[in-house]
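Report on the following structure.
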Amino acid sequence: MPSAPATDLTTTLTRWYDAHARDLPWRRPEFHEQYGAWGTLVSEFMLQQTPVARVIPHLDAWLTRWPSAPSAAIASPADVVNQWANLGYPRRALWLHRAAIEVTERHGGTVPRDVDALLALSGIGDYTARAVAVFHYGDRHPVVDTNTRRVIARAVDGRSQPGPPAKRDLDRMTALLPDDEHRAAVFNAAMMELGATVCTARAPRCEACPIADRCAWLAAGRPDTGDDRRRQAKYEGSDRQVRGIVLRALREAPEHRMLADAVAADWVDRGQRDRAIDSLMSDGLIEADGEALLLPR
DNA sequence: TACTCGTGGGG
DNA sequence: TCCCCAAGAGT
């Protein structure tokens with residue numbers, strides 16, 4: 001007969017987190033003192049779909065240049081897109097810039113604490129809004145990302161992978177959250193850290209897992225329960241690839257300006273190249289000036 | 001809901 | 001080599 005866990009989930013995860021959490025810039029008290037909620041907001045924007053190791057140097061550079069929302073709000077879109085460099089998904093740079101303007105105009109330059117106010121900002125969804133409210137302000141909300149969804153799928157549901165994201169994920173995370181605000185914040189961080197470093201997507205290290213004794217998936221023998229997530233579209237030859245080539249060329253060009261004909265000139269499918277340029281323009285990531293293309297002013 | 005949107009490191 | 005995946009959000 002299996003014995004009940006000696007310690008409740010929150011305490012177990014909190015102890016593990018205290019001993020094993022990575023020392024990341026946005027977890028340091030000085031970071032919050034220096035940059036306030038703006039620092040957390042910028043870090044979370046960059047962490048949307050970009051790995052931690054790649055974010056760290058860019059975050060430092062960004063906050064050195066723009067240490068507050070109002071300072072970023074008066075930058076040009078070109079400066080922002082260029083500073084974003086190769087972080088990927090460059091629309092995020094424009095949305096972050098827009099959010100900085102909104103924070104300056106609507107909230108007097110201070111990133112708001114209220115989740116609904118955060119959700120109303122450009123580029124901020126369920127994850128980022130609650131991450132700011134929890135990790136900077138210390139409030140009690142469910143922070144649901146790919147890591148927490150995977151940990152719940154395994155530990156609670158006994159499945160090898162989570163299903164597609166759904167609104168219901170928020171309620172499931174809430175159900176696990178301790179009542180105390182501070183403990184809830186640590187619980188959110190610990191679930192994410194566990195998913196990022198132990199309960200990983202590909203090769204989970206169950207032998208190092210603090211909650212292995214109560215994991216439904218491990219108890220079931222780590223079955224492959226299938227994966228109903230949608231696979232990422234092929235990148236090679238895609239519109240995204242062409243967009244990436246075009247934008248990189250403009251970032252690296254003198255004055256961030258090039259003759260349109262010279263951009264991605266060796267891309268064989270000319271029609272696809274032109275469509276990519278059109279879509280970048282409609283996103284506001286580039287603009288046309290006569291025969292030239294340039295980053296938006 | 002389904003699809004799009006970059007870039008690079010690791011298995 | 002190739003494929004997978006990464007602190008998601010907007011449409």
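Proteins come first, then strands; the chains are lettered A, B, ... in the order of their sequence lines, and each starts at number 1. Predicted model, so just to flag it, every value in this text is computed and none were measured.
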Pick out which of A/R275, A/Q272, A/R273 makes a side-chain hydrogen bond (donor to acceptor under 3.5 Å, both in side chains) with A/D239.
->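 It is A/Q272, the one option of A/R275, A/Q272, A/R273 that forms the side-chain hydrogen bond (donor to acceptor under 3.5 Å, both in side chains) with A/D239.
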Say you draw a straight line from SG of A/C209 to CH2 of A/W16; how long is it, rounded to the nearest 0.5 Å?
->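 Between atom SG of A/C209 and atom CH2 of A/W16 there are 8.0 Å.
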Taking atom CE of A/M191 and atom CG of A/L177, what is their separation to the nearest 0.5 Å?
->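 Atom-to-atom, A/M191:CE and A/L177:CG are 9.5 Å apart.
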Flag side-chain contact, heavy atom, 4.5 Å: A/P204 against A/R154 | yes
Could you pick out which residue, A/A233 or A/N86, lies toward the 5' side of DNA chain B when each is mapped onto its nearest nucleotide?
-> A/A233
Between A/R230 and A/L247, which is nearer to the 5' end of DNA chain B once each is assigned its nearest nucleotide?
-> A/R230
I need the [atom1]-[atom2] distance between [X] and [N], as an integer number of Å.
{"X": "A/Y235", "N": "B/dG9", "atom1": "OH", "atom2": "C1'", "answer": "15 Å"}
{"X": "A/F45", "N": "B/dT7", "atom1": "CZ", "atom2": "C1'", "answer": "19 Å"}
{"X": "A/E236", "N": "C/dC3", "atom1": "CD", "atom2": "P", "answer": "11 Å"}

Which residues, if any, of [range] bring a heavy atom under 4.0 Å of DNA chain B?
{"range": "residues 55-65 of chain A", "value": "none"}
{"range": "residues 258-281 of chain A", "value": "none"}
{"range": "residues 164-181 of chain A", "value": "none"}

Say you pick atom P in B/dG8 and the same atom in C/dA9; how far apart are they, in whole Å?
-> 23 Å
Can you tell me, in whole Å, how much space there is between the P of B/dT4 and that of C/dA7?
-> 23 Å
What's the verdict on salt bridge (charged side-chain N to carboxylate O under 4.0 Å, His left out) for A/D283 and A/R243, showing C-alpha distance, side-chain angles and the deciding distance?
-> CA-CA 11 Å; A/D283 285 342; A/R243 283 169 56 104; 2.8 Å; yes
Could you write nucleotides 4-11 of chain C as a row of B, S and -, 5' to 3', where a protein heavy atom under 4.0 Å of any base atom gives B, of only sugar-phosphate atoms gives S, and otherwise -?
-> BBBBBSS-
Polar side chain donor-acceptor pair, [X] to [Y], under 3.5 angstrom:
{"X": "A/R150", "Y": "A/Q161", "answer": "no"}
{"X": "A/T12", "Y": "A/R214", "answer": "yes"}
{"X": "A/T225", "Y": "A/S160", "answer": "yes"}

Just checking A/R248: base, sugar-phosphate only, or nothing, at a heavy-atom cut-off of under 4.0 Å?
-> sugar-phosphate
With clusters built from Ile, Leu, Val, Met, Phe, Trp and Tyr whose side-chain heavy atoms come within less than 4.5 Å, directly or transitively, what are the remaining members of the cluster of A/I74, listed by chain and number?
-> none
Determine, step by step, whether A/H141 and A/V115 satisfy the side-chain contact (heavy atoms from CB on, under 4.5 Å) criterion, reporting the C-alpha distance in whole Å, the side-chain angles of both residues, the deciding distance to 0.1 Å, and the verdict.
-> CA-CA 9 Å; A/H141 301 285; A/V115 168; 3.5 Å; yes
Between A/H136 and A/H32, how do the two ring planes meet: parallel, tilted or perpendicular, split at 30° and 60°?
->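 It falls in the parallel class, under 30°.
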Could you note down all residue pairs passing side chain to side chain donor-acceptor pair (under 3.5 Å) where residues 89-103 of chain A supplies at least one of them, sequence neighbours left out?
->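 Counting only pairs at least two positions apart or across chains, the side chain to side chain donor-acceptor pair (under 3.5 Å) contacts touching residues 89-103 of chain A are A/T50-A/R92, A/Y89-A/R240, A/E102-A/S122.
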Same cluster for A/V134 and A/V52 if Ile/Leu/Val/Met/Phe/Trp/Tyr side chains link at under 4.5 Å?
-> no
